[in-house]
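Positions are given from 1 along the sequence. These numbers come from the heavy atoms of this one structure, side chains and all, not from hydrogens, waters or symmetry mates. Just so you know, ligand 1 is whichever comes first in the structure, and atom 1 is the first atom listed for that ligand.
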Amino acid sequence: MKPPTQGHALILAAGMGTRMKSSLSKVLHPLVGRTMVGHVVASAKAVGLQPVVVVHHQEDAVRAALAESGAMFVRQEHTRGTGDAVASTLSVLPKEGTVVVMAGDAPLLRPSTIEKLLQCHGDAAVTVLTVCLDDGAHYGRLERDGEGAALRIVEAREASPEQLALTEINTGLYCFDVAWLREVLPTLQPHAHKDEIYLTDTIEIAAQQGRVRVVIHDDFSEVQGVNDRWELSGARQVLQRRIIEGHARAGVDFIAPHTNVVGVDVVVGQDVSIGLGSVLEGTTKIGAGTQVGPHCHVINTVIGTCVNLHSHSVCEDAKIEDGSSVGPFARLRPMAHVGTGAKVGNFVEMKKATLGAGAKINHLSYVGDAVIGESANVGAGTITCNYDGFSKHKTTIGAGAFIGSNTALVAPVSVGQGAIVGAGSVITKDVPQDAVSVARGKQIDRLDAAARFRSRKKS
Ligand code: UD1
Ligand code: CA
């Protein structure tokens, strides 16, 4: 990411977005690992622009969502249109130079497109990015004269039938000469239709001065605005496809790419295979050669190389080392750490627990607040009883220990290195190193008692 050297990017995010029909401000809606406005801020930063976000509706929530981003914020006192939004930022902008204006509800814009616009801007007062569509829908239309020179932008709701039929639409991405904006913005008049000041009215003024430039872009998917939930799903699809294609071209195999969800910050190594329906989110990292089975959900988890994450496993804030095997149907909760070459089998839940290299918990167990040594074997149905109803307690199992099936380890408790615990034990005291410990009811064998019982019942 380049340091902010190219000037400022104003990001208009003060509107509520009533068409979303949501209690959440439009620009805060989640989109593949970031908020909508978070994507716009990231694109601005990627080209070295200092983001300045214009806020009003749910101002505190927008500020909080972008707190780590390095963005500056300006409050628009009354949301009186896009022209008023830009006017409210003039006090924080330098006296002159170039400023980029972006809409907080256009999250798919690529940094390269902003760069292209900046390169074309030169000494124009305003440069606007347009796209040609068969149906211009609710977008503003660019009107040109007989020679093709730009005249003005007309909003769809105020356009005549002839203007509505125009196919070149305003994407809402512009470069402005700041000194010129300072002169022009105060002269704009509100439109009776919505009592709003339109930033788009600056185009006509610049056109009259011969100082407007238009850059026609060929990829509508990149500039489409999000105004309702259906457009949000459309944006999600475009962004998702872009991310997955990027990984695929870098050597990741997606078995059924249209069924996967991969967050924007997820890192995936070469020769990784991602199965049908798997979802990778947050800061997840996956090392080379790992297989992620069908229907896995992986959140903020670091997975090493050549791991086999079998189907239907759910991992959150966990760590899985190289060459290990997890699942099917495993659940790794926060701070679960699976060591190199270790095995976690079906219906095993781990939380705040470390499994040493080569150790195994193959079936049906709960292991929480525990440290398990290298090459230990934890039998089917083992439970670490870590909670007494008030606080959590720790279980330690030494290297090479063997825990028989259906054992309850009542924490705090430890099992020494190389010890063996008999199946069905309830272990309440520490087991010494290399001991064999059994803690269960003694077996009583009453010979022939079953036969006697049956003959009694028959007579
Ligand atoms: C705007 C353009 C339209 C263009 C379209 C592209 C105007 C008048 N129209 O229309 O030509 O085709 O974008 O997507 O500019 N906002 C504020 N303060 C306000 C009003 C809006 O910050 O007072 C923000 C909104 O939060 C939103 C962005 O500006 O993120 C655009 O506003 P919106 O109302 O969505 O404009 P459109 O009708 O889409
Ligand atoms: Ca919009």
Side-chain angles (χ1 to χ4, degrees), residues 9-20 22 24-29 31 35-41 44 51-59 61-62 66 73-89 100-109 113 126 128-133 135-143 150 152-159 163-164 166-174 176 185 188-204 214 217 220-232 234-235:
L10 305 181
I11 297 170
L12 311 189
M16 177 60 194
T18 43
R19 286 171 279 178
M20 294 297 280
S22 170
L24 186 67
S25 158
K26 172 164 73 175
V27 296
L28 290 180
H29 279 261
L31 187 64
T35 59
M36 206 188 295
V37 66
H39 285 283
V40 184
V41 166
V52 179
V53 183
V54 182
V55 291
H56 178 94
H57 280 289
Q58 299 186 5
E59 175 181 353
V62 178
L66 297 172
F73 299 92
V74 172
R75 180 178 163 79
Q76 184 185 7
E77 281 308 326
H78 309 284
T79 47
R80 290 200 62 205
T82 47
D84 179 64
V86 172
S88 64
T89 67
V100 172
V101 174
M102 308 167 75
D105 65 351
L108 303 173
L109 196 69
T113 306
V126 50
V128 56
L129 190 80
T130 63
V131 164
C132 294
L133 296 179
D135 171 7
H138 50 260
Y139 292 95
R141 309 295 202 267
L142 181 79
E143 215 181 334
R152 64 182 68 82
I153 288 171
V154 190
E155 288 309 296
R157 58 184 161 262
E158 296 169 8
Q163 288 169 325
L164 262 188
L166 295 172
T167 54
E168 190 175 359
I169 61 107
N170 171 25
T171 64
L173 179 71
Y174 323 80
F176 284 100
L185 283 177
L188 300 183
Q189 296 302 312
H191 283 237
H193 188 84
K194 286 183 87 182
D195 194 28
E196 284 190 354
I197 296 168
Y198 293 177
L199 183 63
T200 43
D201 283 351
T202 58
I203 305 295
E204 186 165 8
V214 179
H217 196 51
F220 172 66
S221 75
E222 203 185 312
V223 293
Q224 70 190 80
V226 173
N227 296 297
D228 60 27
R229 301 270 191 161
W230 186 238
E231 288 178 345
L232 181 65

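Scanning the protein heavy atoms around atom 26 (O) of ligand 1, the nearest turns out to be G15 N, 2.9 Å. Of all protein heavy atoms, the one lying nearest to atom 35 (O) of ligand 1 is D105 OD2, 3.2 Å. When hydrogens are left out, the protein atom nearest atom 18 (N) of ligand 1 is Q76 OE1, 2.8 Å; that is the closest non-hydrogen contact. In this structure, the protein non-hydrogen atom closest to atom 34 (O) of ligand 1 is R19 NH2, 4.4 Å. With hydrogens left out, the protein atom closest to atom 21 (C) of ligand 1 is T82 CG2, 4.0 Å, a heavy atom. The protein heavy atom nearest to atom 4 (C) of ligand 1 is N170 O, 3.3 Å. Among all non-hydrogen protein atoms, the one lying nearest atom 39 (O) of ligand 1 is N227 OD1, 4.0 Å.
Closest heavy-atom approach to atom 3 (C) of ligand 1 within the set K26, E155, H138: this belongs to E155. Scanning S88, A85, G81, G172 for the heavy atom closest to atom 23 (O) of ligand 1 points to G81. Comparing heavy-atom distances from atom 24 (C) of ligand 1 across T130, L12, V27, I11 singles out L12 as nearest.
In this structure D201 satisfies the side chain to side chain contact (heavy atoms under 4.5 Å, CB included) test together with L188, H191, Y198, sequence neighbours excluded.
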Practice prompt. Would you sort out whether H29 and S22 count as a side chain to side chain donor-acceptor pair (under 3.5 Å), showing the intermediate values?
Written response: CA-CA 9 Å; H29 279 261; S22 170; 3.2 Å; yes
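Here the protein contributes D105 OD2, N227 OD1 as N, O or S atoms under 3.0 Å from the Ca ion (ligand 2).
Between K26 and N227 there is a side-chain heavy-atom pair separated by less than 4.5 Å. I153 is listed as a side-chain neighbour of E155, based on a closest heavy-atom distance under 4.5 Å.
Ligand 1 has no atom lying under 4.0 Å from any heavy atom of I169. Using a 4.0 Å heavy-atom cutoff, D84 is absent from the residues neighbouring ligand 1.
Counting heavy atoms under 4.0 Å from ligand 1, residue E196 does not touch it at all. Residue contacts with ligand 1 for A13 involve N, CA, C or O but no side-chain atom from C-beta outward (heavy atoms, distance under 4.0 Å).
Taking only nitrogen or oxygen atoms, main chain and side chain alike, G140 reaches within less than 3.5 Å of ligand 1.
Each of the atoms 8 (C) of ligand 1 lies under 4.0 Å from some heavy atom of Y198. Here is the list of ligand 1 atoms found below 4.0 Å of a heavy atom in T79: 23 (O). Those atoms of ligand 1 that come under 4.0 Å of a heavy atom in A14, given as number and element, are 17 (C), 18 (N), 22 (O), 26 (O).
Under the 3.5 Å distance criterion, with hydrogens and angles disregarded, no donor-acceptor pair is assigned to the side chains of E231 and Q224.
Ion pair E77/R75 flagged as a salt bridge, since at least one NZ, NE, NH1 or NH2 atom sits closer than 4.0 Å to an Asp/Glu carboxylate oxygen.
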